[in-house]
Amino acid sequence: MSNSAAKRSMVIGVLRVLIVIIAICCLGLQVSAIAASAGVASKYADADSMHWLYAAAAVLIVACFESALVPLWRLLTLVEKRDVFSGKAMRWVNHILIYAGIEGMLVLAVMVGQIWLSPSRFLIAAMGVDEQMFPYVVLAVGVAALLLIAAFELLMVVMRSLLMQAIEQRDELAAVI
């Protein structure tokens, strides 16, 4: 094994360990969301019974992020096999884009539901904000989350186009040789 192959293998191993750690943290975050939802609902009698809906939304939003870790693992496997430019990587990059898009739609749905449909006493109690400030807080947090998701999506689209160009150039070079 060459020195660069050994370094690549080590970096991939470290990245895989990080993916596992992130996945475990995501599971902890999901369990915490459920526990926090139940805790706030039991502490505030006037909190509405929709707290399970918000817990489910939080779990699903984190699950979208978690789900994107699987294609990321598969991409690392392709890099390890030196097969990333064969075209197989496009499928996994597309999966990451889909998961991020679903996550953005979930964030948008919660934000719209809270601002325009019916502000939840549960979330007001959970966030500990004034009822009049609540729509602004939800809007600020929602817009920040959507901007981060949009930036990630744009980055992935750029990376996907670079991957497509690299695949095309590799195919052209293979045809010449």
Side-chain angles (χ1 to χ4, degrees), residues 1-34 36-37 53-116 138-177:
M1 184 182 285
S2 70
N3 192 24
S4 65
K7 285 180 184 178
R8 182 176 51 250
S9 181
M10 184 179 74
V11 169
I12 289 171
V14 169
L15 289 172
R16 285 187 171 148
V17 168
L18 287 174
I19 288 172
V20 170
I21 291 169
I22 291 169
I24 291 169
C25 290
C26 286
L27 286 173
L29 188 59
Q30 289 170 316
V31 169
S32 297
I34 294 168
S37 173
L53 181 62
Y54 297 111
V59 167
L60 287 174
I61 288 169
V62 175
C64 286
F65 181 82
E66 257 177 327
S67 298
L69 295 175
V70 174
L72 184 57
W73 188 284
R74 298 295 301 162
L75 286 170
L76 286 175
T77 301
L78 290 174
V79 169
E80 188 175 46
K81 293 179 179 178
R82 301 187 65 116
D83 196 24
V84 75
F85 296 116
S86 66
K88 296 175 186 174
M90 294 304 295
R91 171 182 175 203
W92 301 113
V93 172
N94 289 337
H95 277 90
I96 292 171
L97 285 166
I98 289 167
Y99 293 134
I102 293 169
E103 184 175 31
M105 287 188 282
L106 286 168
V107 168
L108 184 62
V110 170
M111 188 173 77
V112 166
Q114 284 308 295
I115 294 175
W116 286 286
V138 169
L139 183 65
V141 170
V143 167
L146 289 173
L147 286 173
L148 287 172
I149 293 168
F152 175 76
E153 285 269 354
L154 289 173
L155 176 65
M156 289 305 297
V157 167
V158 169
M159 298 304 287
R160 183 174 157 243
S161 68
L162 290 172
L163 179 61
M164 287 172 49
Q165 288 177 0
I167 291 169
E168 288 171 6
Q169 289 176 359
R170 180 179 179 215
D171 291 345
E172 288 175 12
L173 185 59
V176 170
I177 294 175

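The first residue in the sequence is number 1, and the count goes up from there. Given the structure is predicted, the values throughout are model-derived calculations rather than measurements.
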Worked verdict on Leu106 versus Val110 for side-chain contact (heavy atoms from CB on, under 4.5 Å): CA-CA 6 Å; Leu106 286 168; Val110 170; 5.7 Å; no
Tightest non-hydrogen contact, residues Ala55 and Ala33, listed as CB-O, 4.2 Å
Atom CG of Leu60 and atom CD1 of Ile102: how far apart are they, to the nearest 0.5 Å? 10.0 Å
Atom of Leu146, atom of Gly104 and distance for their closest heavy-atom approach: CD2-O, 3.4 Å
Is any side-chain heavy atom of Arg16 closer than 4.5 Å to a side-chain heavy atom of Ile12? yes
Salt bridge (Lys or Arg N to Asp or Glu O under 4.0 Å) involving Arg91 - partner list, sequence neighbours excluded: none
Side chain proximity check, Met159 to Val93, heavy atoms < 4.5 angstrom: no
Taking all non-hydrogen atoms of both residues into account, name the closest pair between Ala145 and Val107 and its distance. CB-CG1, 3.9 Å
CG of Asp83 to CZ of Phe85, rounded to nearest 0.5 Å, is 10.5 Å
Going by heavy atoms in the side chains, are Leu78 and Trp92 under 4.5 Å from each other? yes
With rounding to the nearest 0.5 Å, note down the distance linking CZ in Arg8 to CG in Asn3. 11.0 Å
Supply the atom-to-atom distance Ile96 CD1 to Leu69 CG, rounded to the nearest 0.5 angstrom. 9.0 Å
Below 4.5 Å, heavy atoms only, C-beta onward: do Cys25 and Leu29 meet side chain to side chain? no
Considering only heavy atoms from C-beta outward, does the side chain of Gln30 approach that of Ile34 to under 4.5 Å? no
Once you round to the nearest 0.5 Å, how far does CD1 of Ile24 lie from CD of Glu66? 10.5 Å
For Ala63, does its backbone N or O pair with a side-chain atom of Ser67 as donor and acceptor, under 3.5 Å? yes
A quick test of your reading: do over 12 heavy atoms of other residues, nucleotides or ligands sit less than 6.0 Å from CZ of Arg74? no
Taken to the nearest 0.5 Å, the spacing of Ile167 CD1 from Gln165 CD works out to 10.5 Å
Non-hydrogen atoms of Met111 and Gly142 that approach each other most closely: SD-CA, 3.3 Å
Salt bridge (Lys or Arg N to Asp or Glu O under 4.0 Å) against Asp171, all qualifying residues, sequence neighbours excluded: none
A side-chain contact here means heavy atoms from C-beta on lying under 4.5 Å apart; do Asn94 and Arg160 qualify? yes
If I compare all heavy atoms of Leu163 with all of Val84, which pair ends up nearest, and what's the gap? CD1-O, 3.8 Å
Ile22 and Cys26: side-chain contact (heavy atoms from CB on, under 4.5 Å), yes or no, with the steps? CA-CA 6 Å; Ile22 291 169; Cys26 286; 4.2 Å; yes
Close side-chain approach of Val79 and Leu75, heavy atoms under 4.5 Å: no
With heavy-atom distances below 4.5 Å as the criterion, would you say the side chains of Ile149 and Phe65 are in contact? no
Heavy-atom closest pair (Gly101 atom, Glu153 atom, distance to 0.1 Å) is N-OE2, 2.7 Å
